[in-house]
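Both ligands and their constituent atoms are indexed starting at 1 by order of listing. All figures in this text were calculated on a predicted structure; none of them were measured in a lab.
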Amino acid sequence: MSEHETGGCLCGKVRFTTHGPLREVVFCHCSQCRRQSGLYFAATSIPADRLTLEGEAEITWFAASDFARRGFCGTCGTLLFWKPNDEPRYAILAGAFDRPECLHPGHHICTAGRPRFYAIGDGLPQYPGDGPGVVTAAG
Ligand SMILES: [Zn+2]
Ligand SMILES: [Zn+2]
């Protein structure tokens, strides 16, 4: 992982730069992430003061729960962020990075409610609900 990583949405209106280390990628299989992403979330995380945004006005924020908002490009719909209301940090969708190979996988959360037509077979830890340090919506 280099000191700076970059990424952005499909149409290019929203761009971001991260500064410093990124958390391991957490895969969330909850029903909210399933609907919004098409199957499940894969996101790293960074303190808000280590993220630089371009095109911030292009981001649409949706509050799927009363404790976090989900940010996506208002033009192309690319999922970009999950932002807890009470913590100064951004979860950033792994697929939005220009160089996603800079990331490392961590674990799976909210696996209890996942559709059974797909298997999780990567050997990473699985948590049926919230995982260590990550609180999500139930289900
Ligand atoms: Zn876009
Ligand atoms: Zn989720």
field: Minimal non-hydrogen separation, Pro84 against Arg89, with atom names
entry: CD-O, 3.6 Å

- prompt: Quick one: angle Cys73 SG - the Zn ion (ligand 1) - Cys11 SG, to the nearest 10°?
  reply: 110°

query: If you count the non-hydrogen atoms of other residues, nucleotides and ligands that lie under 6.0 Å from CG in Leu39, is the total more than 12?
result: yes

task: Would you give the angle at the Zn ion (ligand 1) between Cys9 atom SG and Cys76 atom SG, to the nearest 10°?
output: 110°

SG (Cys33) - the Zn ion (ligand 2) - SG (Cys30) angle, nearest 10°: 110°

Cation-pi check, Arg114 onto Phe27 ring (under 6.0 Å, within 45° of axis): no

query: With a cut-off of 2.8 Å, does any N, O or S atom of Cys110 fall short of it relative to the Zn ion (ligand 2)?
result: no

- prompt: Counting backbone and side chain alike, does His29 bring an N/O/S atom below 2.8 Å of the Zn ion (ligand 2)?
  reply: no

- line: Checking Tyr90, Phe72, Phe41, Phe62 against Phe81 for ring-ring contact (aromatic ring centres under 6.0 Å, His included), the one that qualifies is Tyr90

- request: Anything under 30° is parallel, anything over 60° is perpendicular, the rest tilted; go ahead and classify His29 against Tyr118.
  value: parallel

